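Keep in mind that what you see is a predicted model, and the values were worked out from it rather than measured. Along the sequence shown, residues are numbered consecutively beginning with 1.
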Amino acid sequence: MLLVKKIKVNSLHTFEKFVELMETLPGSYEVAISSCDGEEGILFCGNKIIRKAACKDLSGMNALGQILSWDGINFNIRKVAACPEQDIYVPINYLLKVLREKTGAGIF
């Protein structure tokens with residue numbers, strides 16, 4: 001499978017660029033995520049929607065919430081033939097809303 005992009009996110013500006021990229025990608029793709037603390041998670045996205053999230057023993061919105069709580073995250077994006085069975089339906093731009101709230105709270 002083709003690696004689309006590898007991105008290190010360490011600022012709101014970089015994260016905004018990442019979300020812009022994700023919103024322009026056609027088809028389905030997998031986003032492997034790792035934190036600076038070594039935590040790992042995965043998102044499956046398609047048509048500007050996060051359709052599946054997983055990390056540790058969590059899935060769906062619980063996993064997405066856990067992933068969004070991490071600081072200093074890295075993303076590896078790659079195209080996939082199709083997303084696995086959907087367990088959430090979250091617009092990708094939701095990620096910006098959450099990060100802006102973290103930034104306003106001085107967390108990011």
Side-chain angles (χ1 to χ4, degrees):
M1 309 242 177
L2 177 65
L3 177 66
V4 175
K5 193 82 170 173
K6 183 175 184 173
I7 301 171
K8 182 173 184 171
V9 177
N10 55 11
S11 71
L12 180 59
H13 175 74
T14 306
F15 196 83
E16 287 172 341
K17 294 295 182 189
F18 170 72
V19 171
E20 286 176 17
L21 171 68
M22 289 181 17
E23 288 185 322
T24 64
L25 293 175
S28 299
Y29 48 97
E30 172 190 275
V31 183
I33 303 166
S34 60
S35 75
C36 60
D37 295 329
E39 297 174 290
E40 296 181 344
I42 193 161
L43 303 177
F44 287 92
C45 308
N47 300 321
K48 303 180 184 181
I49 302 296
I50 301 167
R51 300 180 180 282
K52 186 166 189 71
C55 74
K56 299 181 185 175
D57 59 345
L58 303 174
S59 63
M61 288 303 292
N62 291 331
L64 183 59
Q66 181 69 34
I67 290 167
L68 292 175
S69 73
W70 300 341
D71 292 324
I73 49 183
N74 294 299
F75 292 88
N76 289 307
I77 307 168
R78 69 183 179 113
K79 187 122 176 86
V80 294
C83 290
E85 185 176 335
Q86 180 173 321
D87 61 10
I88 59 175
Y89 187 92
V90 177
I92 288 173
N93 59 15
Y94 170 80
L95 300 176
L96 278 178
K97 177 184 178 224
V98 170
L99 186 61
R100 286 183 177 129
E101 289 172 1
K102 284 177 68 173
T103 303
I107 297 170
F108 191 72

Practice problem: Start with the C-alpha distance between Met61 and Val90, add both sets of side-chain angles, then the distance that settles side chain to side chain contact (heavy atoms under 4.5 Å, CB included), and finish with yes or no. | Solution: CA-CA 9 Å; Met61 288 303 292; Val90 177; 3.5 Å; yes

Self-check item: Heavy-atom closest contact (Ile33 atom, Trp70 atom, distance)
Solution: CG2-CZ3, 3.9 Å

Practice problem: Looking only at non-hydrogen atoms, find the nearest pair between Cys45 and Ile92 and report the distance. | Solution: CB-CD1, 4.2 Å

Quiz item: Roughly how far, to the nearest 0.5 Å, is CD1 of Ile67 from OG of Ser34?
Solution: 11.0 Å

Quiz item: What distance separates Ile88 CD1 from Tyr94 OH, expressed to the nearest 0.5 Å?
Solution: 9.5 Å

Quiz prompt | Partners passing side chain to side chain contact (heavy atoms under 4.5 Å, CB included) against Asn93 (at least two apart in sequence or in another chain) | solution = Glu23, Pro91

Quiz item: Do Leu58 and Leu68 share a hydrophobic cluster, counting only Ile, Leu, Val, Met, Phe, Trp and Tyr and linking them when any side-chain heavy atoms are less than 4.5 Å apart?
Solution: no

With a cut-off of 3.5 Å and sequence neighbours excluded, list every side-chain donor-acceptor pair involving residues 46-56.
from	atom 1	to	atom 2	distance (Å)
Arg51	NE	Gly46	O	3.3
Arg51	NH1	Gln86	OE1	3.1
Arg51	NH2	Gly46	O	3.3
Lys52	NZ	Asp87	OD2	3.4
Lys56	NZ	Glu39	OE2	3.3

Quiz item: Applying salt bridge (Lys or Arg N to Asp or Glu O under 4.0 Å), which residue pairs with at least one partner in residues 59-68 are found, sequence neighbours left out?
Solution: none

